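The block underneath contains the structure these notes are about, expressed in structure tokens.
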Amino acid sequence: MAIFIAMLGSALFTYASLSSFKWKSKITPTVVKHCQADETVSSLLAQNPSLSPEEASIKLFGKKEKTGQPSSEADHELSPASAQDLKQALSCGRWGPTQPGELFLRVYHDVLCCLDADPLSGVVSPALIGTHGSIPLSVIAPLVDLVRHMSNVIVRARREVLFASCSWSPSDAVDLISDALKELSRRAGVRGDRVVVKIIFDKAGVKQFVNNHQKVPVEVYSGEKINLPHPDEIPNLDLEVSSLHVPLLGTLHAKFMVVDREIGIVESNNMENNANVEMMTHLEGPVVDSLYDSFLVTWHDALDPPLPTHNSPAALGGFSTWNEPSFQRLFASNDQHVHPDQADAREQQAIVQDGNEAKKHLAPHNPGDPHYDDTIAAEIARVQAMYSPRPGESRVSAINRHLNDTSKSNAEPTGPEPEPGTEFTPYIAHPKEDIPMALVPRRPHGSPNNADAFVPQNEAFLSCIRNAKQSIFIQTPNLNSHHLLPALAAAVRRGVDITYYVCLGYNDAGEMMPGQGGINEAFAAKLYKELSLQERTLLHVHWYTAKDQSKPIHHQFSQRACHVKLLIADSRVGIQGSGNQDTQSWYHSQEINVMIDSEATCRKWREGIERNQNTLTYGRGSPEDGVWRDDQGHEAEGATKPSAPPVSWVKGAVGMAKKLQAKGGF
Ligand SMILES: *[C@@H]1O[C@H](CO)[C@@H](O)[C@H](O)[C@H]1NC(C)=O
């Protein structure tokens, strides 16, 4: 711990100003070659399974000395890609039968411009960045409800489970996963086969100063601080656990799962107990090969034995939720003549009805008392039942009960009774659609400076904001990355409507450390100051307000919080994943995000976002400075003044180290 504080301190003292960097606004011929190549990290491993992903990367892209690429301060003023540039970008993806729209293509173009210095800066082989796939299910719900679905997907695995996460501590979430692994082992035993399971998370330790990837020994991962099953409890699984951290600040923050190379899950949640509402997508089709490749790059070390699916790409076809008749039935009411909003409303009401029915005969799927389902449709009904009012219970108290339970922290319900049609609907089913997609992650960057800015994730965010014509919607716990201030202000000046939802007081102590961007209130106030009174009417800052509340609750009370990471540009290009809009996620952590081009999916997401929280109505910030105040003009209880001075680095570093220690790091 002492080493950590000393290094963090000295590094912060030398906190570097951004050196000037020539922004490349062209996709270079080398990048075109990489994107159109047949060879990827995963294809090399398919040919030669004894290669490590690291060796495969070096073969393909050479050895990269990671230097960090600062993005130009003025990059939001860049001239847009020409028609020729867009044509080239189009030729750099494998879109299958899908057709990327112009905005998506502009963003994709800008993402590829980052790859010249480091083709793997997207943590995925360039040939797998631009792809397509489907999203049968999205979840916007308390953390454990996401993990309920993950545990169902795990028990259905037949060959392998690959799972990356960030912080990991004993919790309902971990119990759900451990129960699922035991059940998976039992099922594999019945079939007479074995399943390979690889789990990687971030546990910072001193050994990572030498080697960022550390295998976690059995006695540690089955011990009380991690709580995964002991090999004796899962005789038919080959489980290996690894930890990745790039000191000091290069956290593994990407959270995703790949099962049987057929299903991908990209989620916002960690593995711990907390009060967060989170978001995940369940992906199928060729995009799963991209997630698989990204997992290999993340795992880095040789896979011995080789992964069972090393030679069976998702692109060859296979499992699809759309083949389940019970899933198709969720859309039975859908006909061509119904307006999409009405179709969505009917589907939502059908799910609410299913939940009311399921409550009568289906036991909840709980940690320590699992009840798995064979289909997604059955899962949807079982989870919806938990939100369904019991006899004598109002709708709002049913939600209040569930949020009390899942957050392990009680808050009185202050919110109104939801109208029919606006019930909390955690699992969102999507009708069949093949969608253009791109993976837009970033690599970990350890040094405490903002030098690693020009990376696929950040360019995807910035390019959406640069190129949107009508609107930008963002939900994120913290929004304070310094590149966002000029970009958002410029978009407003172009007449783009900006709405963002953030969490009041989220991680304030950390955000107030020098160079960390400051608290949400301070950033919002700064942004409003940049704008004229007229321009301010286009900026809407809202503070997360839970579905059972009529006001935001400050994060220090740990009662209701939001950890969704979502950006929607012009109601059709969406970016969902692990990346926050704060300094840590923009310049340091490894992140994973999937960008999609679909009006229908973005509409369903936004409807779910509004339905499952009261932020739109009750979380509205002041139109002068963005700060939330009640009818009497009082700020929320516990709110930090936007003008509060930054925390000293000593105090901040000690606080950060203590937090890591409490979670079992160091
Ligand atoms: C949730 O907790 C609050 C605060 O203790 C309590 O007033 C409320 O009744 C609880 N909700 C339910 C449904 O029990």
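Because the structure is predicted, anything quoted here is derived from the model rather than measured. Both counts, for ligands and for their atoms, begin at 1 and track the order of listing.
- Of all the atoms in ligand 1, the ones that sit under 4.0 Å from a non-hydrogen atom of Arg401 are 13 (C).
- For ligand 1 and Ser397, the ligand atoms under 4.0 Å from any heavy atom of the residue are 13 (C).
- The structure places OG1 of Thr476 at 9.5 Å from OH of Tyr506, a figure rounded to the nearest 0.5 Å.
- For the ring-ring contact (aromatic ring centres under 6.0 Å, His included) test, no residue two or more places apart in sequence or in another chain qualifies with Tyr618.
- Nearest non-hydrogen protein atom to atom 7 (O) of ligand 1 is Glu412 CG, 3.4 Å.
- With a heavy-atom cut-off of 4.0 Å, Asn410 touches ligand 1 through backbone and side chain alike.
- Atom CD of Glu417 is surrounded by more than 12 heavy atoms from other residues, nucleotides or ligands within 6.0 Å.
- Aromatic ring centroids of Trp322 and Phe331 lie under 6.0 Å apart.
- Nearest protein neighbour of atom 14 (O) of ligand 1, counting heavy atoms only, is Asn404 ND2, 4.1 Å.
- At least one N/O-N/O distance between Asn400 and ligand 1 falls below 3.5 Å.
- Within the structure, ring-ring contact (aromatic ring centres under 6.0 Å, His included) contacts touching residues 381-400 (residues at least two apart or in different chains) are Tyr387-His402, Tyr387-Phe424.
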